[in-house]
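Here is the structure we will look at, set down as structure tokens.
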There are 2 protein chains.
Amino acid sequence: MKMDKSTGEILRENREKKGLLLRQVAAKLDIDTAILSKIERSERKATKEQIIKLAQILDLKEEDLLVQYLSEKILYEIKDEELGQKALKVAEQKMKYMNKNNSND
Amino acid sequence: MKMDKSTGEILRENREKKGLLLRQVAAKLDIDTAILSKIERSERKATKEQIIKLAQILDLKEEDLLVQYLSEKILYEIKDEELGQKALKVAEQKMKYMNKNNSND
DNA sequence: AATTAATTTGACTATCATTGTCAAATGAAA
DNA sequence: TTTCATTTGACAATGATAGTCAAATTAATT
């Protein structure tokens with residue numbers, strides 16, 4: 001599981017590998033080329049729907065791309081936080097706890 | 001580190017322990033009583049600034065309250081996601097990786 | 001039980017972040 | 001040097017978040 005590349009980098013690499021133009025992929029996503037350009041350079045975030053479509057278009061495993069995308073969203077949330085690391089750990093604990101006791105809810 | 005209580009519950013418990021009224025605490029935060037009421041019942045999220053002030057007002061350790069608060073924000077981000085657990089793990093990995101190589105940036 | 005004080009609810013507004021378009025500027029290829 | 005692809009930045013549209021206010025409800029006092 002490669003953790004070094006950003007979602008944007010992955011998208012660009014794979015688009016180029018397929019010889020597709022920004023214009024072409026953007027059209028399939030029904031957005032302006034400019035946005036896709038920004039997404040690939042991590043200047044903007046994609047939406048979940050766009051990620052799903054992109055996985056299809058670029059023949060990537062949807063789950064992998066989504067996990068990558070979501071993890072970036074999480075990090076974005078705490079990127080400026082001293083306590084980010086601690087908060088992440090606690091979040092994981094809570095998550096486990098929730099899943100253990102998810103009988104109701 | 002108690003993980004079972006929500007930020008709201010912690011806030012309410014400690015406000016009541018001190019015998020303070022919503023009205024009084026809300027005044028110090030310079031917001032309407034209604035919002036604080038909602039925050040304590042987890043119907044709304046507090047802002048970071050409010051959390052910091054609340055830690056002071058209620059004599060709670062700022063770091064603990066902030067970690068609690070941030071972890072809740074993270075979970076909120078992935079609460080509806082199948083892949084939340086995986087995304088959290090990947091986020092932690094990335095975080096570690098970043099901190100290891102944070103020489104520049 | 002009646003009154004008063006505290007909290008909750010919900011409709012509404014204001015503010016801010018996000019997502020998008022568009023046109024012009026830049027860069028790369030032919 | 002023209003043409004095509006990408007990038008940039010100003011702006012508009014949308015959506016989410018944070019807030020006010022007044023009325024309804026609940027809890028305490030007398």
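The analysis underlying the following values was restricted to heavy atoms, covering all of them including side chains, and did not include hydrogens, waters or symmetry mates.
Shown here is Glu82(B), whose CD atom has no more than 12 heavy atoms of other residues, nucleotides or ligands within 6.0 Å. With a 6.0 Å radius and a threshold of 12 heavy atoms from other residues, nucleotides or ligands, Glu9(B) has its CD atom above the threshold. The 12-atom threshold is not exceeded at NZ of Lys28(A), counting heavy atoms of other residues, nucleotides or ligands nearer than 6.0 Å.
Contact check on Lys61(A) versus Glu63(A) returns no salt bridge, with no Lys/Arg side-chain nitrogen under 4.0 Å from an Asp/Glu carboxylate oxygen.
Not one side-chain nitrogen or oxygen of Ser37(B) sits closer than 4.0 Å to the OP1 or OP2 atom of dT7(C). In this structure, Gln50(A) does not reach the dT18(C) phosphate: none of its side-chain N or O atoms is under 4.0 Å from OP1 or OP2. Residue Arg44(A) places no side-chain N or O under 4.0 Å from the OP1 or OP2 atom of dA17(C).
Closest approach to the Arg41(A) side chain among dT8(D), dA18(D), dT19(C) is made by dT8(D) (side chain taken as heavy atoms from C-beta onward). When distances run from any side-chain atom of Ile35(B) to the nucleotides dA6(C), dT20(D), dT21(C), the shortest one goes to dT20(D). If you check dA11(C), dT19(C), dT6(D) against the side chain of Arg12(A), the one that comes closest is dT6(D). Of the candidate nucleotides dT9(C), dT21(C), dT6(D), dT21(C) has the atom lying nearest to any side-chain atom of Asp32(A).
Along DNA chain D, the nucleotide nearest Thr33(B) and the nucleotide nearest Tyr76(B) are compared for position; the residue whose nucleotide lies closer to the 5' end is Tyr76(B).
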